[in-house]
Amino acid sequence: MESDRLLRLHQVENKIGLGKSWIYQQIRLKQFPPSIRINSRHVAWLESEVDAWIRHRVRISRDN
């Protein structure tokens, strides 16, 4: 079941094993889900979108 829980940056980093600069670079390249502004100072990511990105990366890896 997909979750619509909001993840903060440190949670996303821990979940995918990659750091802040890599995440923001991939967002600029449209290769990672964009963040959602939750107030004037904070952003978060939908856990369901991050999970879908992980599943996609696994499929790509297994197809090669």
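Excluded from the calculations below are hydrogen atoms, water molecules and symmetry mates; all remaining heavy atoms, backbone and side chain alike, are included.
The OG atom of Ser61 sits 11.5 Å away from atom NE2 of His56, with the distance rounded to the nearest 0.5 Å.
At least one side-chain heavy atom of Ile16 sits less than 4.5 Å from a side-chain heavy atom of Ile54. Side-chain contact check for Ile27 versus Trp22: every heavy-atom pair is 4.5 Å or farther apart. By the 4.5 Å heavy-atom criterion applied to side chains, Arg37 and His42 are not counted as neighbours. Within the 4.5 Å cutoff, side-chain heavy atoms of Ile38 are placed close to those of Leu6.
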Step-by-step side chain to side chain contact (heavy atoms under 4.5 Å, CB included) determination, Lys15 to Asp51: CA-CA 9 Å; Lys15 189 168 184 105; Asp51 289 342; 2.6 Å; yes
Worked check of side chain to side chain contact (heavy atoms under 4.5 Å, CB included) between Val58 and Arg55: CA-CA 5 Å; Val58 169; Arg55 287 190 302 274; 5.7 Å; no
Side chain to side chain contact (heavy atoms under 4.5 Å, CB included) between Phe32 and Leu18, worked out: CA-CA 12 Å; Phe32 193 78; Leu18 297 163; over 6 Å; no
Working for side chain to side chain contact (heavy atoms under 4.5 Å, CB included), residues Lys20 and Leu9: CA-CA 7 Å; Lys20 175 182 177 178; Leu9 178 60; 3.7 Å; yes
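The main-chain N or O of Val50 is never found under 3.5 Å from a side-chain atom of Trp45 such that the two would form a donor-acceptor pair. Looking only at distances, no side-chain donor or acceptor of Trp53 sits under 3.5 Å from a matching main-chain atom of Ser48. Judged by distance alone, the side chain of Arg5 and the main-chain N or O of Leu46 form no donor-acceptor pair under 3.5 Å.
In plain terms, the two heavy atoms of Glu49 and Pro34 that are nearest each other are OE1-O, 4.2 Å. The heavy-atom pair separating Glu13 from Ile23 by the smallest distance is CG-CD1, 3.8 Å.
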